[in-house]
Novice: 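Take a look at the following structure, please.
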Amino acid sequence: MTNRNSHPPFAAGNWKMHLASGEAARLASEIVKGAADAAGAELVLIPPFTSLDSVRRVVADSSVALGAQNMHWEDKGAFTGEVSPLMVKDAGCRYVVIGHSERRHLFGETDGGVNKKIKAALRTDLTPIFCLGETLEERQSGRTIDRIESQLIAGLEGLDGESVSKIVMAYEPVWAIGTGRTATPAQAQEVHGQLRGALSERYGKQDADCVIILYGGSVKPDNAFSLFREKDIDGFLVGGASLEASSFLRIAKEALRAHKEKP
Ligand code: PEP
């Protein structure tokens with residue numbers, strides 16, 4: 001894996017449960033058209049399952065990559081309503097979001113399930129975007145770092161450094177997702193730095209330095225620059241602001257601008 005410092009700024013748009021196939025294709029094509037202005041950034045579009053195919057057709061032959069929002073860990077079987085890693089791969093995805101806080105909090109996903117999904121993604125040659133983050137109550141009671149580290153340890157259980165180096169992580173404070181409240185650059189950096197430190201302690205600095213760590217939680221064009229300038233922030237997982245081509249592309253451009261100023 002390449003060291004994260006030589007990796008382009010990363011902007012992934014999580015479209016959640018928005019946009020049926022036609023609408024999704026239209027948004028994807030606006031983003032593909034504008035992607036030249038954000039050349040040098042890695043752009044990933046993450047539509048709902050039913051819109052993967054229409055978006056795949058639009059991004060084919062462009063630099064824009066495709067991701068899925070979730071998957072099961074088994075390759076096939078009697079799991080009504082689930083989608084397997086092989087199906088996600090077959091749909092043209094390079095990435096898959098694992099353990100998003102909406103899955104954890106609204107659909108009861110556990111750290112154990114997240115761990116199985118991360119392993120399934122890696123064995124299928126999909127890059128997991130492994131999400132973790134604390135609730136407001138955990139932050140206010142001073143348990144942010146403990147919570148993050150316990151999610152990290154459980155999510156990566158049984159993986160070696162080489163596997164971990166292929167993962168993209170996303171720190172997403174639950175209180176900042178979809179709320180308009182963003183972590184300050186210093187708050188985000190504190191957690192990203194802790195995550196990098198914990199990875200380095202467990203897997204060694206070389207592998208830890210390959211892990212791309214995204215920030216997510218109400219990222220907008222006007223806060224992207226100051227967040228990205230922080231040392232351990234390598235890009236963004238964007239929800240609401242990725243539903244409009246111009247704001248998503250502006251976030252990527254702000255990240256590129258800040259990339260040049262990074263210490
Ligand atoms: C997300 O869904 O991962 C997210 C960060 O959402 P928002 O940008 O809307 O807070």
Side-chain angles (χ1 to χ4, degrees), residues 1-2 4 7-19 24 27-28 31-32 35 38 40-73 75 82-104 109 113-133 155-156 159 163-172 177 210-216 219 233-239 241-243 248-249 251-252 255:
M1 275 304 281
T2 36
R4 68 182 187 100
H7 203 280
F10 198 107
N14 172 16
W15 294 355
K16 310 196 185 194
M17 200 172 71
H18 295 288
L19 308 180
L27 176 57
I31 290 171
V32 166
E42 179 149 355
L43 302 180
V44 184
L45 305 183
I46 311 179
F49 289 125
T50 51
S51 298
L52 281 172
D53 190 53
S54 70
V55 174
R56 181 182 59 79
R57 289 165 202 267
V58 174
V59 301
D61 304 322
S62 82
S63 59
V64 178
L66 191 63
Q69 297 178 15
N70 180 34
M71 64 175 199
H72 197 271
W73 56 81
D75 285 344
E82 292 291 332
V83 169
S84 86
L86 295 177
M87 293 166 185
V88 165
K89 183 84 183 165
D90 180 56
C93 293
R94 195 185 311 159
Y95 295 92
V96 59
V97 175
I98 306 284
H100 189 280
S101 76
E102 286 151 17
R103 304 269 351 139
R104 291 177 188 263
E109 281 204 9
V114 167
N115 176 249
K116 287 187 196 161
K117 291 181 181 191
I118 291 174
K119 288 175 174 160
L122 290 169
R123 76 163 186 264
T124 314
D125 208 17
L126 289 161
T127 299
I129 301 178
F130 166 30
C131 301
L132 36 70
L156 301 183
L159 292 173
S163 304
V164 168
S165 73
K166 297 178 186 154
I167 291 173
V168 172
M169 292 184 46
Y171 166 54
E172 299 208 302
I177 297 182
C210 292
V211 179
I212 291 166
I213 309 182
L214 311 178
Y215 168 77
V219 175
I233 297 182
D234 305 318
F236 301 117
L237 181 53
V238 186
S242 70
L243 291 169
F248 183 60
L249 290 166
I251 288 169

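Worth knowing before you read on, the calculation uses all heavy atoms, side chains too, and leaves out hydrogens, waters and symmetry mates.
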Novice: A241 and I251: which non-hydrogen atoms are nearest, and at how many Å?
Specialist: CB-CD1, 3.8 Å
Novice: Would you give the length of the straight line joining atom OG of S242 to atom CD1 of I31, rounded to the nearest 0.5 angstrom?
Specialist: 7.0 Å
Novice: For the pair R123 and D75, find out whether any cationic side-chain nitrogen is under 4.0 Å from an anionic carboxylate oxygen.
Specialist: yes
Novice: Side chains of residues 42-52: which donor-acceptor partners sit under 3.5 Å, not counting sequence neighbours?
Specialist:
| unit_1 | atom_1 | unit_2 | atom_2 | d |
| --- | --- | --- | --- | --- |
| E42 | OE2 | Y95 | OH | 2.3 |
| S51 | OG | L19 | O | 2.9 |
| S51 | OG | S21 | N | 3.3 |

Novice: Going by the rule side-chain contact (heavy atoms from CB on, under 4.5 Å), which residues pair with A170 if we only count those two or more places apart in sequence or in a different chain?
Specialist: I129, C131, E172, L214, L237
Novice: Using 0.5 Å steps for rounding, measure from the OG1 atom of T127 to the NZ atom of K166.
Specialist: 9.0 Å
Novice: Just so I know, are the side chains of K117 and H72 near enough to count as touching, which here means a heavy-atom distance under 4.5 Å?
Specialist: no
Novice: Report yes if the side chains of I233 and I213 come closer than 4.5 Å at any heavy-atom pair, otherwise no.
Specialist: no
Novice: Kindly determine whether I212 and H7 satisfy side-chain contact (heavy atoms from CB on, under 4.5 Å), including the steps that lead there.
Specialist: CA-CA 8 Å; I212 291 166; H7 203 280; 3.5 Å; yes
Novice: Quick check for you: to the nearest 0.5 Å, what is the distance between H100 atom NE2 and N70 atom CG?
Specialist: 11.0 Å
Novice: Testing the basics here: between A41 and A252, what is the closest heavy-atom pair and its distance to 0.1 Å?
Specialist: CB-CB, 4.2 Å
Novice: Partners of T124 by side-chain contact (heavy atoms from CB on, under 4.5 Å), sequence neighbours excluded?
Specialist: P85, L86, K89, L126
Novice: Quick one: list whatever passes salt bridge (charged side-chain N to carboxylate O under 4.0 Å, His left out) with R103, sequence neighbours left out.
Specialist: E109
Novice: For the NE2 atom of H18 and the CG atom of L243, what is their distance to the nearest 0.5 Å?
Specialist: 5.5 Å
Novice: Taking side-chain contact (heavy atoms from CB on, under 4.5 Å) as the definition, give me every residue that meets it alongside S63, ordered by chain and number, with sequence neighbours left out.
Specialist: none
Novice: Determine which pairs satisfy salt bridge (Lys or Arg N to Asp or Glu O under 4.0 Å) with at least one residue from residues 57-70, sequence neighbours left out, and list them in order.
Specialist: D53-R57
Novice: CZ of F236 to OH of Y215: how many Å apart, nearest 0.5 Å?
Specialist: 9.0 Å
Novice: Given the rule in the side-chain contact (heavy atoms from CB on, under 4.5 Å) test, do I167 and L159 qualify, once you have shown the distances and angles that lead to the verdict?
Specialist: CA-CA 11 Å; I167 291 173; L159 292 173; 4.1 Å; yes
Novice: Would you please test E102 and K16 for side-chain contact (heavy atoms from CB on, under 4.5 Å) and show each step?
Specialist: CA-CA 10 Å; E102 286 151 17; K16 310 196 185 194; 2.8 Å; yes
Novice: Between R4 (side chain only) and C210 (backbone N and O only), is there a donor and an acceptor less than 3.5 Å apart?
Specialist: no
Novice: Which distance, rounded to the nearest 0.5 Å, do you find between the CD1 of I98 and the CZ of F130?
Specialist: 10.0 Å
Novice: Run W15 and V55 through side-chain contact (heavy atoms from CB on, under 4.5 Å) and show every step you take.
Specialist: CA-CA 12 Å; W15 294 355; V55 174; 3.9 Å; yes
